[in-house]
Amino acid sequence: MLNYIFSIHIISRWKTIVVWSASMFLLALMFSGLYDSFKGEISDMIDNAPKLMEAMIGPLPKDTVTPESWLGIELYGLLFPILLGVIAVSAGASAIGAEEESGTIELILASPISRGRVVLEKSLGIMIQLAIVSGFLWVGIAIGSILFPFDVSLSNVLAATAMGWIFGTTVAYISMSAQALKGRKGLALGVGSGVVGLSYVMMVMSELLDGLNSLKYISLFNYYDGPSVLINGLNETSFAVMLVLSGLFLLVSLYGFYNRDVGI
Amino acid sequence: MNSIKTDVPVEITGFSKTYGTKIAVDRLDLKVNEGEVFGFLGPNGAGKSTTIRSILNFLTPSDGKISIFGLDSVKNSVAIKNHIGYLAGDISLYDSMSGYQLFKYLTGLGKNTNWDYVNDLANRLQISPQAKIGTLSKGNKQKIGLIQAFMHQPKLLILDEPTSGLDPLMKQVFYEMVLQMKHLGNSVFVSSHDLNEVQHICDKAAFIKSGRLIATENIRGAFEFSLRRYTITFPKLPELSVFEKIESVSEVTQDENKLTVTVKGDISEFIKTLSDQDPIDLSEEETSLEDIFMKYYED
């Protein structure tokens with residue numbers, strides 16, 4: 001396993017991965033456990049919720065609160081995509097950027113491998129890193145559904161988790177492409193964070209203002225839409241849109257890293 | 001499949017590298033022959049690292065061509081690196097890995113490692129590759145860096161400040177490692193600030209200043225005769241211009257009734273002119289690479 005760039009990417013970040021995975025697991029367990037006690041309160045809150053709240057955390061249930069809608073409100077509406085976005089921005093910006101900053105990229109590039117392989121293996125490392133962290137959220141909910149009175153559709157939870165994972169992957173590849181083009185990790189962090197922030201603002205604005213409704217089509221949050229997936233199952237079209245976007249930004253990363261100087 | 005020409009490890013023709021309007025290297029021409037230890041000298045910012053990084057295709061030449069074993073350094077970068085060992089100046093390693101883990105990782109990236117040779121190098125350099133790199137001193141990290149550069153016995157070694165942080169004993173081991181590679185017919189391209197080191201191990205040295213090649217000198221054999229400094233005592237000092245107009249004389253300085261004359265290359269005309277001036281004493285100073293370096297770089 002030590003022979004691959006992607007495995008070193010994961011091994012070198014194992015502490016971060018463990019901390020984030022544990023956090024996701026505990027969050028999932030906590031919200032699974034709280035459902036039975038707080039579902040009544042949340043129903044009262046939804047009845048009086050302003051439109052802004054629905055715009056911010058996604059569609060609210062019209063009648064009774066189910067475990068799926070509970071997770072949508074508490075976890076998958078905002079907390080999960082934002083946390084995953086933070087991890088993804090950092091992972092994308094530092095995948096190649098950290099090696100360039102430290103100078104270890106010279107060890108890799110002095111070896112008989114192409115720059116393309118470096119980008120592809122780093123991309124694979126990011127996907128696996130995000131899958132591990134997201135996966136622990138699902139595991140936490142699965143265990144929560146056994147430990148607590150929380151009868152949730154684990155397949156829909158898996159689908160929503162997968163939407164979060166592809167959302168994170170897209171954000172990470174956007175960050176990575178900025179770093180690959182310009183060789184600046186700080187810029188990549190800014191671009192990635194900016195994309196997440198702007199995406200969220202556009203989604204909220206499109207929900208609140210009818211005239212700006214079309215803004216949602218350029219918001220990643222619109223395609224992610226975890227709360228709806230928890231209720232309706234995987235949205236293949238939205239998943240495919242983010243998959244294609246990830247592929248496009250991966251191509252940008254390949255182009256950028258192939259065509260610029262490294263280690264100036 | 002591109003075949004390599006081992007008789008021309010490095011051939012740089014008209015290589016230039018610019019960053020915006022700044023010219024880092026300007027029309028550089030260099031050739032390293034098979035089995036040669038080639039020194040690459042110059043002050044900080046002269047363009048040494050830019051040249052080395054361009055040889056390795058970390059940087060793309062703005063103009064000119066870099067050919068490694070007859071292959072283009074940009075188009076055939078991957079094929080070329082099968083035959084190159086590289087030690088970066090101020091090398092960065094993975095602190096969380098042990099030396100062995102690093103060697104295994106780099107082997108996985110395509111280096112054809114000779115593990116017996118790795119163990120031999122570790123013994124000679126008195127380093128334990130089992131230790132975590134992050135716990136090692138600068139000198140010991142440099143040893144790990146040297147082993148990863150040498151471990152596949154590459155046909156071309158590119159070393160940037162290779163003895164930085166090594167104690168004198170370990171420097172001697174390094175010199176032996178280089179000579180061993182040379183005896184195998186492999187070539188070494190070494191950038192160093194240590195002129196004694198270059199004089200000790202190099203066959204040839206190129207001097208670069210402000211991005212331009214200013215001279216290439218043979219260090220072995222011809223070097224001892226290429227630059228000489230004479231101190232001559234006269235009963236009555238002759239005009240300095242008598243010596244200054246000789247083509248091979250590069251420098252004339254006066255101190256009371258003594259002249260110090262630096263002669264490069266053929267000394268016959270200088271000796272003939274000198275005999276006409278009736279000197280009463282003549283001494284020849286031993287030249288060193290440092291003299292040459294100072295001649296090229298003092299303004």
Side-chain angles (χ1 to χ4, degrees), chain A residues 1-19 94-125 129 179-185 254-264, chain B residues 17-20 22 24 49-50 52-62 74 76-98 100-113 133 144-145 148-149 151-152 154 156-160:
Chain A
M1 277 297 279
L2 262 176
N3 294 353
Y4 298 100
I5 295 168
F6 80 87
S7 55
I8 294 299
H9 172 93
I10 293 165
I11 291 166
S12 65
R13 289 162 175 77
W14 73 269
K15 286 180 189 166
T16 311
I17 293 173
V18 165
V19 169
S94 66
I96 297 170
E99 301 248 22
E100 279 198 70
E101 272 187 359
S102 69
T104 49
I105 193 75
E106 294 200 349
L107 283 173
I108 296 175
L109 294 183
S111 304
I113 59 164
S114 68
R115 292 193 186 193
R117 183 176 153 191
V118 176
V119 173
L120 290 173
E121 286 210 36
K122 286 288 184 184
S123 308
L124 180 61
Q129 178 183 353
Q179 197 284 331
L181 282 168
K182 291 291 177 187
R184 288 163 53 200
K185 190 178 149 192
L254 283 166
Y255 172 83
F257 197 55
Y258 254 114
N259 290 287
R260 74 167 168 86
D261 291 340
V262 174
I264 297 172
Chain B
K17 182 65 188 177
T18 54
Y19 300 111
K22 185 180 178 292
S49 292
T50 298
I52 286 175
R53 288 187 163 128
S54 300
I55 289 173
L56 289 151
N57 194 37
F58 301 164
L59 310 177
T60 308
S62 305
V74 177
N76 306 109
S77 169
V78 176
I80 286 167
K81 285 168 188 167
N82 278 316
H83 309 285
I84 290 183
Y86 171 59
L87 175 74
D90 258 338
I91 188 169
S92 296
L93 305 168
Y94 297 94
D95 283 349
S96 58
M97 288 187 191
S98 70
Y100 267 132
Q101 284 173 332
L102 176 71
F103 305 149
K104 281 180 188 166
Y105 178 42
L106 297 176
T107 302
L109 297 184
K111 288 192 174 179
N112 192 13
T113 304
I133 291 169
I144 296 292
Q148 66 80 29
M151 67 184 188
H152 51 306
L156 173 64
L157 271 160
I158 298 173
L159 310 172
D160 196 354

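Values below: every heavy atom of this structure, side chains too, minus hydrogens, waters and symmetry copies. Just so it is clear, the structure is predicted and the values come from calculations on it, not from any experiment. Per chain, numbering begins at 1; letters A, B, ... match sequence-line order.
Residue Asp95(B) qualifies as enclosed at atom CG: its count of foreign heavy atoms under 6.0 Å is above 12. Other residues, nucleotides and ligands place no more than 12 heavy atoms under 6.0 Å from the CZ atom of Arg184(A).
Of the inter-residue distances, the one linking Tyr94(B) atom OH with Thr104(A) atom OG1 reads 4.0 Å to the nearest 0.5 angstrom. Distance check: Ser102(A) OG to Leu93(B) CG gives 9.5 Å after rounding to the nearest 0.5 Å. Residue Arg13(A) holds its CZ atom at 10.5 Å from OG of Ser96(B), rounded to the nearest 0.5 Å.
Per-residue counts of heavy-atom pairs under 4.5 Å with chain A were compared for His83(B), Lys17(B), His152(B); the largest is that of Lys17(B). Of the listed residues (Glu99(A), Glu106(A), Arg260(A)), the greatest number of heavy-atom pairs within a distance under 4.5 Å of chain B belongs to Glu106(A). Most heavy-atom pairs under 4.5 Å with chain B: of the set Asn259(A), Leu107(A), Ile108(A), this distinction falls to Leu107(A).
The minimum heavy-atom distance between Asp261(A) and Thr60(B), with the atom names listed, is OD1-N, 2.9 Å. Minimum heavy-atom separation, Tyr4(A) to Tyr105(B): O-CE1, 3.8 Å.
Heavy atoms closer than 4.5 Å to chain A are found nowhere in Ile80(B), neither backbone nor side chain. For Ser12(A), no part sits under 4.5 Å from any heavy atom of chain B, backbone or side chain.
Proximity of a side-chain donor or acceptor of Lys81(B) to a complementary backbone N or O of Ile113(A) within less than 3.5 Å is not detected. Panel note: side chain Ser111(A), backbone Leu109(B); no donor-acceptor pair is recorded below 3.5 Å.
In this structure, the side chains of Ile8(A) and Met97(B) come closer than 4.5 Å at one or more pairs of heavy atoms.
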